Amino acid sequence: MFTNGYVGTIEGRKNLSDDSFFTQAAYQGAVPASNDWTQGWTLKSGIAEETIEELKGEITTSKTLTEGKTYYLTGEYKVKNGATLKIEPGVTIIAKHDDIVDYILVEQGSKIDAQGTAENPIVMTSEKKEAGAWGGIHICGYAHTNVAGGTGSSEIGGAIYGGNNDADNSGTLRYVRIEYSGYAFDEEHEANGFTFYGVGNGTTVEYCQAYQGSDDGFEFFGGSVNIKYCVSTSCSDDSFDWTEGWNGKAQFLVAYQEAAETLGYDCDCLLECDNNGTNFAATPVAHPILANLTLIGNGGSKQGVRLRAGTQVELYNTLITGKGQPLTVETTETETALKEGVSKLEYVAISKTLSSKEGIYTNDMFAAATGNLTAQNFTWENLYEGTIDGGKDLSADSFFTKAEYKGAVKTGDNWTSGNWIKQ
């Protein structure tokens, strides 16, 4: 059961976190494999000191990171030439705190196969436990992007992405948590938690959390990748962000931003949604379909969901609160698509009213649409548990689970339970 003498836990616990002294710990035991807090400062009597392998440079043949082990990440780590990086359950990757920028980049044609479990997640973190400490994970695929010429170069690592294979498969991310990402390369380039560049819908992304990053939690540059059961927690820029024509699907997403007074910094949008920032009419036009979202901001006057720059969208079964402007629409192309029914906002409940910059799609139109509610007050359990009855059934599409309610996490059916979520 134990590794390194005493590292190991079992499921089940009493939650004492109502007392501010105690940290919520969803297990029995002191030292979980995913968070060995004894590393680096303790000596283990009678236990041979294990050398921790460093991940750096590039791999051109497939490599496996072994279950339960810890690895250091130092500098760039590129997966190239069709190689697969396989990461087994319980692996912890720790970005070194030094003068080298640390990140993982999966290039076109290569794959990542990172499959943890709810109790033994894969954790990518940093020695420095604060937002912006390292560069996160970046995946480049052969699916579409609407940038000029049909291909682009990743903001981090300069890898090519884009193409015409929307079914491209870049691997699997399941039960993966990324902590403290968002390293600022310069004023224009900060690293997200999870970044998808032209990633296709043959890729599987589910049960993933971005925790306290200093840029976006999840960002999509084009592509068609679908995501399910994902959480963005207190990321200082946008919780979820899309641009360059992303047209994937998403269900059961949570964006939660801790109050700035206790978190120590403000956060931007819950969803920031563009088609293309320099050409609003670029094709293929962004048109993702999203259902069952719970989006909770940390106050202030900023936007919650910001639809702009020509994006289209279908947004269903969603709760939005905690921002001065919970739902805003901008640009002629985006608002016209909503007015004409190309885009749809249905069964969406917001804490205030919709704000329209162009006046084409108005709050009155939003309030009259099927199932929408304005000026709502919401109550939550365990930060974000809670739903409202009434929703659209999208299960005719096999990607979507039948969930005829508004919100992501139903009380009594908490898919965020287990060691994989950090609160």
Side-chain angles (χ1 to χ4, degrees), residues 139 141-146 163-174 176 194-210 216-232 238-255 270-275 283-295 305 307 310-320 334 337-338 341-348 370-371 387 391-410 415-416:
I139 303 176
Y142 285 108
H144 74 271
T145 170
N146 65 22
N164 56 15
N165 181 10
D166 276 5
D168 188 35
N169 182 357
S170 294
T172 299
L173 296 172
R174 181 180 288 122
V176 177
F194 299 84
T195 309
F196 303 97
Y197 294 96
V199 175
N201 58 32
T203 308
T204 299
V205 180
E206 57 187 20
Y207 298 102
C208 292
Q209 182 188 24
D216 302 331
F218 297 77
E219 184 164 13
F220 305 86
F221 291 85
S224 56
V225 63
N226 305 321
I227 67 169
K228 203 167 189 177
Y229 303 113
C230 290
V231 179
S232 183
D238 309 313
S239 300
F240 297 89
D241 188 334
W242 74 73
T243 187
E244 295 185 13
W246 179 53
N247 63 9
K249 303 166 188 174
Q251 189 177 24
F252 303 121
L253 305 185
V254 173
L270 299 160
L271 300 182
E272 185 172 79
C273 319
D274 299 353
N275 176 44
T283 58
V285 176
H287 192 122
I289 304 172
L290 305 92
N292 299 98
L293 281 65
T294 294
L295 308 174
V305 174
L307 304 173
T311 195
Q312 299 170 9
V313 68
E314 294 178 47
L315 180 63
Y316 304 104
N317 306 353
T318 293
L319 305 176
I320 311 170
T334 292
L338 285 162
V342 176
S343 293
K344 295 180 174 65
L345 302 174
E346 296 179 3
Y347 297 100
V348 176
T370 303
T387 56
K392 186 176 181 67
D393 179 10
L394 300 175
S395 62
D397 181 324
S398 61
F399 171 79
F400 290 100
T401 300
K402 184 176 182 179
E404 294 177 280
Y405 51 82
K406 304 175 188 71
V409 185
K410 199 163 190 173
W415 50 264
T416 71

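The basis for the numbers below is simple: all heavy atoms, side chains too, and nothing from hydrogens, waters or symmetry mates. The model shown is predicted, which means the values in this text are computed figures rather than measured ones.
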Within-4.5 Å side-chain heavy-atom neighbours: Thr334 and Thr311: yes

If only side-chain N and O atoms count, and only distance matters, is there a donor-acceptor pair under 3.5 Å linking Glu346 with Thr370? no

Between Phe194 and Phe196, how do the two ring planes meet: parallel, tilted or perpendicular, split at 30° and 60°? parallel

Is there a side-chain contact between Pro288 and Val313, using heavy atoms and a 4.5 Å cut-off? yes

Could you give the distance from OG1 (Thr203) to CG (Leu173), rounded to the nearest 0.5 Å? 8.5 Å

Quick check: do Leu270 and Leu293 have side-chain heavy atoms less than 4.5 Å from each other? no

List for me each residue that meets salt bridge (charged side-chain N to carboxylate O under 4.0 Å, His left out) alongside Asp238, sequence neighbours excluded, and say none if there are none. none

Expected output: side-chain Ser224 to main-chain Asn247 donor-acceptor under 3.5 Å: no

What are the two closest non-hydrogen atoms of Arg174 and Cys208, and how far apart are they? N-SG, 4.5 Å

Report yes if some heavy atom in the side chain of Leu345 is under 4.5 Å from a heavy atom in the side chain of Leu307; otherwise report no. yes

Kindly say whether Gly407 contributes a backbone atom to a donor-acceptor pair with the side chain of Thr387 at under 3.5 angstrom? no

Short side-chain to backbone donor-acceptor contact, Thr318 and Tyr316, under 3.5 Å: yes

I'd like to know if the side chain of Thr294 reaches the main chain of Ala408, judged simply by a donor and an acceptor atom lying under 3.5 Å from each other, with no hydrogens or angles considered. yes

Determine the minimum heavy-atom distance between Ala143 and Gly223, stating which atoms define it. CB-CA, 3.9 Å

Pick from Tyr229, Tyr207, Phe400: which one makes a ring pair (Phe, Tyr, Trp, His ring centres under 6.0 Å) with Phe252? Tyr229

May I ask you to decide if Lys392's main-chain N or O and Asn317's side chain share a donor-acceptor pair within less than 3.5 Å? yes

Whether His144 side chain and Gly245 backbone form a donor-acceptor pair below 3.5 Å: yes

Between Asn275 (side chain) and Ala286 (backbone), is there a donor-acceptor pair under 3.5 Å? yes

Please find the pair of heavy atoms, one from Phe240 and one from Ala255, that lie closest to each other, and give the distance. CE1-CB, 4.1 Å

Nearest heavy-atom contact between Ser232 and Gly217 is OG-CA, 3.7 Å

Among residues at least two apart in sequence or on other chains, which ones pass ring-ring contact (aromatic ring centres under 6.0 Å, His included) with Tyr347? none

Quick check for you: to the nearest 0.5 Å, what is the distance between Phe399 atom CZ and Ile289 atom CD1? 10.0 Å

Gap separating the CD1 atom of Ile320 from the CG atom of Leu315, nearest 0.5 angstrom: 6.0 Å

Value for CG (Asp241) from CZ (Phe221), rounded to nearest 0.5 Å, stands at 7.0 Å

Could you walk me through whether His287 and Val342 pass side-chain contact (heavy atoms from CB on, under 4.5 Å), step by step? CA-CA 9 Å; His287 192 122; Val342 176; 4.3 Å; yes

Measure from the side-chain N and O atoms of Trp246 to the backbone N and O of Val225, and report whether any donor-acceptor pair falls under 3.5 Å. yes

Rounded to the nearest 0.5 Å, what's the gap from CD1 on Ile139 to OH on Tyr197? Could you check? 11.0 Å

With distance as the sole test, does Asn292 use its side chain to make a donor-acceptor pair with the main-chain N or O of Tyr405 at under 3.5 Å? yes

Should the heavy atoms of other residues, nucleotides or ligands under 6.0 Å from CG of Asp397 be counted, would the total exceed 12? yes

Interatomic distance, CD@Glu206 vs CD@Gln251, rounded to 0.5 Å, equals 11.5 Å

